[in-house]
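Only heavy atoms go into these numbers, but all of them, side chains included; no hydrogens, no water, no symmetry mates.
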Number of protein chains: 2
Amino acid sequence: MSKVRRATMSDVAREVGVTAKTVSRVVNDDGPVAAETRARILEAMGKLGFQPNLMARNMRVGARDSTVGLVIPDMGNPFFGTVAGGVENAVRARGLTLIVGSSEETAERERSLISTFLARRVTALLIVPSAGGDHRPLRAERAAGLPIVFLDRLAGGLTADSVVSSNREGARAGVAQLIRHGHRRIAFIGDHPALYTRRERFQGYRDALAEAGIPFDRDLVEIGHDHEAAAAAVTRLLDGREPATAVFAANNFASTGVILGLARLGRRDVAVVGFDDLPLAEVLEPALTVVAQDPAAMGRAAAELMMARLDGERSKARTVVIPTRLIARGSGEIPPP
Amino acid sequence: MSKVRRATMSDVAREVGVTAKTVSRVVNDDGPVAAETRARILEAMGKLGFQPNLMARNMRVGARDSTVGLVIPDMGNPFFGTVAGGVENAVRARGLTLIVGSSEETAERERSLISTFLARRVTALLIVPSAGGDHRPLRAERAAGLPIVFLDRLAGGLTADSVVSSNREGARAGVAQLIRHGHRRIAFIGDHPALYTRRERFQGYRDALAEAGIPFDRDLVEIGHDHEAAAAAVTRLLDGREPATAVFAANNFASTGVILGLARLGRRDVAVVGFDDLPLAEVLEPALTVVAQDPAAMGRAAAELMMARLDGERSKARTVVIPTRLIARGSGEIPPP
DNA sequence: TTGTAAGCGTTATCAA
DNA sequence: TTGATAACGCTTACAA
C-alpha cells in the first residue's frame, strides 16, 4: 500500500517557517499567535491535509481519550441497539463519542473488548456483561478513577454502578396476569439460566406462582434464546400429557420465537405474555401482551451515572432500576380451554 | 477524581530491577527473556495492575490502530445492527476490533464521527453515508492508504469501494409481483428522496410500472421513514377518490408502519410488499411478502473489500451488489377488489 | 539475555 | 508573540 506519510505538525511548521509549538497553538486555540502567522498556518494545514494525531495528543496530555466504550452482547438485537442509542444521546451532549463493540455473548470476547477499550484509555466503560464473566479485575480500574457502569445485567463478583430493568417484579406482574385469567400450566421460555436477567425474571415467575399457590413444575421451563430455539421449545411444551396453556416468554427473541412456533402449529388458543415490547406487537392476532422495558431510558440512566462519576461523585455504588410496564393487548388475556 | 497514576512499563521495570525494554519483550513475546526474569516481570505486572498503553505503542510503531471504524445511521435499526454484526465477524478473524458510531442520519454527526475515527488512526473506515454528505475530502485519506468502503449507500461526490443491495432490481421485482396480481394503483412509501436507497428503489418501482405500461402517479408516493409516519401515510393513500390498492414499502420501518396503519384501519384487502425482511413476517395475517436483503452478507462483503485493500490490492474502486430475493408469503398476492 | 539511545507526534515549561 | 527543550509510554536498532 502506498503509505504516504501523513503530514505532522512539524511538516506544517516547516512549510510556514515556524515551530511545531506555534502550529499547536493555532490548532488548539491556545496562547497568542499573530493574526498573519495564524492565517499562513491555516493555509498550510489545508494544503498539506493536516489532521492532528489524537493518539499523540492524548498521550502527551495524559488525558483520557474522549470516548466512552460500550460493550453489548449482540449488535443485531434491537434491544441493545436502543440501549446504545440512549447512551449516545446522553454522552454526545458532553462532547463524548460513543464507541460500541459486541461481545457475541461470550465472556472471552468481552474480556478482549474491555482490554481494547482500556488500552485505548477510554473516558468511561459501560458494559452489558455476558454470563460467566469475572469482573473483579475491573476493581483496580475503578479505583484508578475510571467510571464503570454495568447495564441490563449486574457484574460478576463485583459491586458496581448498575442500571437494570425491574426484571423480577415485571416478570411477576406478567405471569400474574396469566394467572388472573385462569392459567395454572404456565411455561417459562428464556435465556440460559446463567444469565442475570433470566435468573431475575425466573424468580418473578416463581414469585407469581407461589403467590397463587400454584406448584412449580420444572417440565414447564425451557431455554430458547434465539427465534428457532424458542419456536421449538413451545412446540415441546404443548405436546405432553399435561401441556401448558400459557407461555411467558422472557425476552424479545423468545417472544418472537414463541409467536412463530404457535403460528406454525396453527394455535391461537395459547395465552402469551412477552418480556420486552415488539414493534409489531399490536398487529399480531391476538395482539401481544407484554411487559415493556424502556431500553433508551436504561442507556440514558447509565450515561448519567457515569457522568456523575466523571464529575467527581464519590458515593458508593448505586443500582438504578428502570420500571417495566404491563401492556395488555389480548394474548395474555386468553383463558385456558 | 482520584486519578491514581497508571503503572507504566518503567514502573514495572523498576519494580523488578530491569529495563523497560525487557518488560516490553515480555509483553510482546518479542525476543528472548530468561524464564526467571519473565516470571518476576509477570508477577510485577499483576501486582501493579499494568495495562500496556496502546496509544503509545501504536504511535511508536507508526502502525495504525488495530480498529476498524464503522459509521451507521441508527443503532436501533436492526438492519444496521445486522450489517455491523457481519462486519465484526469478518474483521475479528484478522485480529481487528470493530468500533461503531451512530450518525443519527445527519451529515454533520457523520463528519464528526469520521474525524474522530481518523484522528484515532483507525485501520480502515466503513461508512453508511447519510444523505447530503460530501465525501470528497476522504479522497486524500484514501490516497494516503486508508481503506474506505461505503456500505448500503453510495458516497456523495466520490467513486469508492462500495457494497449495496440490488435495490433497483429488487424493488422492480417486488412491484412487478403486485402488478402480476392485478394491481395498477400501487403506492410507494419510502425514505426521504435524498437518500440513495430510496432513489434506487424508487427507480425500480418506476421501472416496473413502465414495463407494465402503468402511468406514474405522483399522488401515490409518500415519505415515511419511521413507523408512525408510514402508518399515517398509508392512511392518506387509502383515502382519496382513487385510492391505492397495493403498497410497496421501501424499507423495514416503512413496512412496519404500513402494517400498523392497515391494522388500525382494519384493512386486510390491501396488498403489501416490503423491502427488507422482518422476523415476524411469516406470522402476520396476511403473511408479509418481502424483497429480502442480506445485511450480514453486506457487512461481510464490505469487510472483505476493505481487507483486500489492506493487503495491497490496488485495483480501481469496485461496487459489490448483494442480490435480493423475493419471498412471496401472501400479502403481495392479494388481488385488487 | 539484557541494556542504551533515539524517536513516534504532540504539548508543558520556560526562555527569548 | 515565538522558540527550544523535554517529556508522555512505548518500540526499533544496535550494542554489550
Is any side-chain heavy atom of Met75(B) less than 4.5 Å from a side-chain heavy atom of Thr82(A)? no
With respect to the phosphate group of dT2(C), does any side-chain polar atom (N or O) of Thr37(B) fall under 4.0 Å of OP1 or OP2? yes
Rounded to the nearest Å, what distance is computed from the CE atom of residue Met9(B) to the P atom of nucleotide dT2(C)? 15 Å
4.5 Å side-chain heavy-atom contact, Val68(A) and Thr97(A): no
For DNA chain C, what residues of residues 10-29 of chain B have any heavy atom nearer than 4.0 Å? Val18(B), Thr19(B), Lys21(B), Thr22(B), Arg25(B)
Closer than 3.5 angstrom, by distance alone: can the side chain of Asn77(A) be matched with the main-chain N or O of Asp74(A) as a donor-acceptor pair? no
Taking the minimum atom-to-atom distance to the side chain of Thr8(A), which one of dT10(C), dT2(C), dC10(D) wins? dT10(C)
Rounding to an integer number of Å, can you tell me how far Asp30(B) CG sits from dA13(D) C1'? 12 Å
Assess the residue pair Arg38(B) and Glu43(B) against the criterion (salt bridge (charged side-chain N to carboxylate O under 4.0 Å, His left out)); give the C-alpha distance rounded to whole Å, side-chain angles, the decisive distance to 0.1 Å, and a yes or no. CA-CA 9 Å; Arg38(B) 147 172 283 112; Glu43(B) 193 198 324; over 6 Å; no
Only one of Ser102(B), Ser130(B), Ser103(B) clears side-chain hydrogen bond (donor to acceptor under 3.5 Å, both in side chains) with Glu110(B); which? Ser130(B)
First encountered from the 5' end of DNA chain C, between Pro32(B) and Ala56(B): Pro32(B)
Polar side chain donor-acceptor pair, Asn28(A) to Arg25(A), under 3.5 angstrom: no
Can you tell me the distance, in whole Å, between the CZ atom of Arg60(B) and the P atom of dT11(D)? 10 Å
Answer with yes or no whether the side chains of Glu104(B) and Thr106(B) bring together a donor and an acceptor at under 3.5 Å. no
Does atom CZ of Arg136(A) have more than 12 heavy-atom neighbours from other groups under 6.0 Å away? no
Within residues 42-53 of chain A, find the residues that approach DNA chain D with a heavy atom at under 4.0 Å, and present them sorted by residue number. none
